[in-house]
Protein chains: 2
Amino acid sequence: MRNDSRLSRMLHVLIHMDRHQNAATSEMIAKMLNTNPVVVRRTMAGLRDQGYVRSEKGHGGGWTLVRPLSEMTLLDVYNALGEPHVFAIGPADDQPKCLVEQAVNNALADAMKEAEALLLRRLGNVTLEEIAAEFEAKLTARSAAAYSCAS
Amino acid sequence: MRNDSRLSRMLHVLIHMDRHQNAATSEMIAKMLNTNPVVVRRTMAGLRDQGYVRSEKGHGGGWTLVRPLSEMTLLDVYNALGEPHVFAIGPADDQPKCLVEQAVNNALADAMKEAEALLLRRLGNVTLEEIAAEFEAKLTARSAAAYSCAS
DNA sequence: GATTTTGTAACAAGACAAGTGACATGAGCC
DNA sequence: GGCTCATGTCACTTGTCTTGTTACAAAATC
Ligand code: FES
Ligand code: FES
């Protein structure tokens, strides 16, 4: 559990859902992510609130994709997750009195802000459909048996 | 303790040391960083190993700057710290079997690698002297009393 | 009414930087 | 030589955040 893997997981799930029209239960999703149904619900709550997926209770319920993959960027998913912290590094003190520390923080914050902006710009320029297409290319190139969720 | 603040702290200390020629003990440094002498020694060990600072025991001992600030970039300090993890986010699985997950991880890794490269490039293009100069400018602009470590 | 499935709260586990106490080691001072 | 200062390092605790897990209420289907 070294990193925050929510974005990675959600992207995986969304593409998975696109390939299986029927609703997927939290338990099925949890199994494919090697985790727990509660974690799935907790993480997907943001996507539901933003209207990317829908959840239904009872028999035949589960999660369904609402919007096509072509209309969702990686950034959309990131935002739906509540814009988790990107960086593991940061300043020691947010409001330092020492002017030197302020100068240091400014320099670091500038660089980090730029890097974050680049990252988010990149995420905003890639749709989930493009990743799915990349997957398709790999799938046909290799044998179809390599695809893990053949169900 | 939300973030890894080692880089921020070390930059602060190095510039501080440049402005006070005499050796600074871990205890003095700890006081100005609002932390503990052991944390200071632990964190500065990397800088010593890389030859940026020297530490001496006994009376009159402590930490002294070896190289001028103009010959140290923020990246040098980052590297001396052991290149800590930059990002808080990451893939759920480093070696996934599922091809979809592989495609997702590739897309994310690409974007993150670019962002990290940009960040490190920026850090490599700024010397500690430049930050010190920025501090000097602020200091003369305001009243000198605002400088917290007047000692 | 029984079963399935989500929603949510509450809490434990894992990871990692940071904080802390203890003690050995070496360098100067008397 | 002995004392004091200061680093070096080990071992352990704390704080914080994502994950994992258990428990249970609420809603929808059979
Ligand atoms: S896409 Fe279904 S398990 Fe990876
Ligand atoms: S530079 Fe000395 S305390 Fe900030």
Partner of A/L7 under side chain to side chain contact (heavy atoms under 4.5 Å, CB included), picked from A/T43, A/L75, A/L81, is A/L81

Can you measure [X] atom [atom1] to [N] atom [atom2] for me and round it to whole angstrom units?
X     : N      : atom1 : atom2 : value
A/N34 : D/dG20 : CG    : P     : 9 Å
B/R6  : C/dG19 : CZ    : P     : 12 Å
A/R2  : D/dT18 : CZ    : C1'   : 14 Å
B/N36 : D/dA11 : CG    : P     : 18 Å
B/M1  : C/dT20 : CE    : C1'   : 13 Å
B/I29 : C/dG19 : CD1   : C1'   : 17 Å
A/M28 : C/dT5  : CE    : P     : 9 Å

Keeping the roles fixed (side chain from [X], backbone from [Y]), state whether a donor-acceptor pair exists under 3.5 Å.
X      : Y      : answer
B/T35  : B/K31  : no
A/N36  : A/V38  : yes
B/E114 : B/A111 : no

*asked:* Would a single hydrophobic cluster contain both A/L123 and A/L118, if residues Ile, Leu, Val, Met, Phe, Trp and Tyr are joined by side-chain heavy-atom contacts under 4.5 Å?
replied: no

- Check the hydrophobic clustering (I, L, V, M, F, W, Y; side-chain heavy atoms under 4.5 Å; chains of links allowed) and say if B/M28 and B/M10 are grouped together. no

Here the residues of residues 40-64 of chain B within 4.0 Å heavy-atom distance, strictly under, of DNA chain C are B/R42, B/K57, B/G58, B/H59

Ordered by number, residues from residues 74-90 of chain B within less than 4.0 Å of DNA chain C (heavy atoms) are none

Side chain of [X], heavy atoms from C-beta onward: which of [options] has the nearest atom to it?
X     : options               : value
A/S26 : C/dT6, C/dA18, D/dT21 : C/dT6
A/R9  : D/dA6, D/dT19, D/dT14 : D/dT19
A/V38 : D/dG20, D/dT19, C/dA9 : C/dA9

* Remember a base hit wins even if backbone is also touched, and classify A/D4 as base, sugar-phosphate or nothing at under 4.0 Å, heavy atoms. => sugar-phosphate

Using only side-chain N and O atoms of B/T35, determine if any of them is under 4.0 Å from OP1 or OP2 of C/dG19.
yes

Review point. Just to confirm, is there a sub-4.0 Å distance from OP1 or OP2 of C/dA18 to any side-chain nitrogen or oxygen of B/S5?
Key: yes

- Task: Tell me, with the steps shown, if B/T73 and B/L128 meet side-chain contact (heavy atoms from CB on, under 4.5 Å).
- Result: CA-CA 6 Å; B/T73 66; B/L128 282 173; over 6 Å; no

Please lay out, stage by stage, how A/R42 and A/V39 fare under the test side-chain contact (heavy atoms from CB on, under 4.5 Å).
CA-CA 5 Å; A/R42 187 195 286 157; A/V39 174; 4.3 Å; yes

Practice task
Evaluate the side-chain proximity of B/M72 to B/T127: yes if any heavy-atom separation is below 4.5 Å, no if none is.
Solution key: no

